[in-house]
Amino acid sequence: MLDWATVERTRIADGTEFVLGRYGDDWVIRVGLRILMSNRMHDSEEALAEIALSRVVSPGAVLVGGLGLGYTARAVLDRVSTGTEVTVLELMPELVDWNRRYLGNLAGNPLDDPRCRLVVGDVFDTLKQSPAAFDVILLDVDNGPQGLTQPKNQRLYGDPGIRVCLAALRPNGVLAIWSQGPNARYRRRLEKHGAEVEVLTVDARLGSKMQHVVFVAKARA
């Protein structure tokens, strides 16, 4: 068993503890004993961006919900033009701080890119105030529709959150959601709100048998 060093820890309002751990060049963020994110497994986060952006021509505004270790934001920045504004929304200021002090170089310091606008706040609340604002919305919050760490995030995946997300898209915009696994109920919920839905399976890490899921939703014309 690897002897992970605890670099920092923090608790959110409901008492959930997040731990930043390191073993050599490997970094993890844990919730209790469960690994929430790791720099050794991020291919599906990059696939989330690649899949969504391939379905929109020349996006001018992209929102990334959930900073994580920065891999999704970096994948977006590497695929959009110099004039695209990329808004990164992160609920936990501590996670932003850890990215700036410890983790930024893992994904090429996406927060330092001049196209990147960081907002510390709740994804649902921000989208509710942003009608028709984005060509692409990427959600990588908790474990997707089956949330792990913060019950408040579940409203993002319920009916109110789907309405808010779809309303925040510009015409022909795309909403893409990362999920740890399949969720037929969530797909039906998206379709109930009039979205055309694709469900794609992607490798969690190249060469690994573990797979994750990306939901792609587009409002019907």
Side-chain angles (χ1 to χ4, degrees), residues 36-37 41-56 59 61-76 79-80 86-92 95 119 121-128 130-170 172-205 210-220:
L36 185 61
M37 56 193 83
M41 190 171 294
H42 52 82
D43 289 299
S44 63
E45 298 166 30
E46 295 168 359
L48 171 69
E50 181 179 3
I51 289 166
L53 291 170
S54 71
R55 286 157 172 76
V56 177
V62 178
L63 181 135
V64 179
L67 171 60
L69 301 184
Y71 289 107
T72 305
R74 168 46 58 198
V76 172
R79 289 168 172 81
V80 297
V86 179
T87 300
V88 177
L89 264 166
E90 174 53 49
L91 181 63
M92 291 179 55
L95 185 52
V119 177
D122 183 81
V123 176
F124 179 95
D125 292 338
T126 300
L127 289 176
K128 190 175 181 180
S130 308
F134 301 102
D135 299 295
V136 177
I137 296 173
L138 307 176
L139 297 183
D140 184 7
V141 178
D142 269 355
N143 273 19
Q146 52 272 53
L148 167 68
T149 61
Q150 301 190 57
K152 185 179 180 181
N153 285 334
Q154 282 306 289
R155 66 176 178 164
L156 189 61
Y157 298 113
D159 290 320
I162 291 173
R163 283 194 296 269
V164 163
C165 287
L166 294 176
L169 289 173
R170 294 172 177 172
N172 299 311
V174 166
L175 167 67
I177 304 99
W178 183 97
S179 178
Q180 188 179 41
N183 192 313
R185 183 179 180 184
Y186 183 61
R187 175 175 187 159
R188 292 194 298 269
R189 193 176 290 154
L190 287 166
E191 291 173 337
K192 182 180 73 173
H193 287 275
E196 297 179 2
V197 181
E198 297 176 78
V199 181
L200 306 173
T201 301
V202 297
D203 290 338
R205 182 175 65 186
M210 183 180 295
Q211 293 186 314
H212 294 147
V213 169
V214 173
F215 292 90
V216 182
K218 190 171 185 177
R220 298 182 189 275

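Throughout, residue positions are numbered sequentially from 1 according to the sequence presented.
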Distance check, rounded to the nearest 0.5 Å: [X] atom [atom1] versus [Y] atom [atom2]?
X    : Y    : atom1 : atom2 : value
Y157 : N183 : OH    : CG    : 10.5 Å
L190 : I177 : CG    : CD1   : 5.5 Å
L67  : T72  : CG    : OG1   : 9.0 Å
M41  : R205 : CE    : CZ    : 4.5 Å

Can you name the residues that form a salt bridge (charged side-chain N to carboxylate O under 4.0 Å, His left out) with [X], not counting sequence neighbours?
X    : result
D43  : none
R55  : E198
D159 : K192

Problem set entry | T87: partners by side-chain hydrogen bond (donor to acceptor under 3.5 Å, both in side chains), with sequence neighbours left out |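 T87 satisfies side-chain hydrogen bond (donor to acceptor under 3.5 Å, both in side chains) with R117 once adjacent residues are dropped.
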Exercise. Excluding sequence neighbours, so at least two apart, what forms side-chain hydrogen bond (donor to acceptor under 3.5 Å, both in side chains) with R189?
Worked result: none
Does any non-hydrogen side-chain atom of [Y] lie less than 4.5 Å from one of [X]?
X    : Y    : value
L139 : C165 : yes
V141 : L156 : yes
L127 : F134 : yes
V86  : R74  : no
D135 : V174 : no
R163 : H193 : yes

Under 3.5 Å, which donor-acceptor pairs do the side chains of residues 44-52 form with other protein atoms, sequence neighbours left out?
from	atom 1	to	atom 2	distance (Å)
S44	OG	W178	NE1	2.8
S44	OG	H212	ND1	2.8
E46	OE2	H42	ND1	3.0

Exercise. Under the 3.5 angstrom rule, does the side chain of D122 hit a backbone N or O of F124 as a donor-acceptor pair?
Worked result: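 Pair found, side chain donor or acceptor close to backbone of F124.
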Problem set entry | Sequence neighbours excluded - salt bridge (charged side-chain N to carboxylate O under 4.0 Å, His left out) pairs with any residue from residues 174-183 |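 Listed by first then second residue: nothing to list.
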Seminar exercise, completed: Minimal heavy-atom distance between L53 and P59, with the atoms involved, is CD2-CG, 3.9 Å
For [X], which residues count as a side chain to side chain contact (heavy atoms under 4.5 Å, CB included) partner, sequence neighbours excluded?
X    : value
L169 : I137, L166, L175
R187 : E191, V197, V199, F215
P182 : V213

For this session: Before giving the answer on side-chain contact (heavy atoms from CB on, under 4.5 Å), spell out for R155 and V164 the whole-Å C-alpha distance, their side-chain angles and the decisive distance to 0.1 Å.
Result: CA-CA 10 Å; R155 66 176 178 164; V164 163; over 6 Å; no
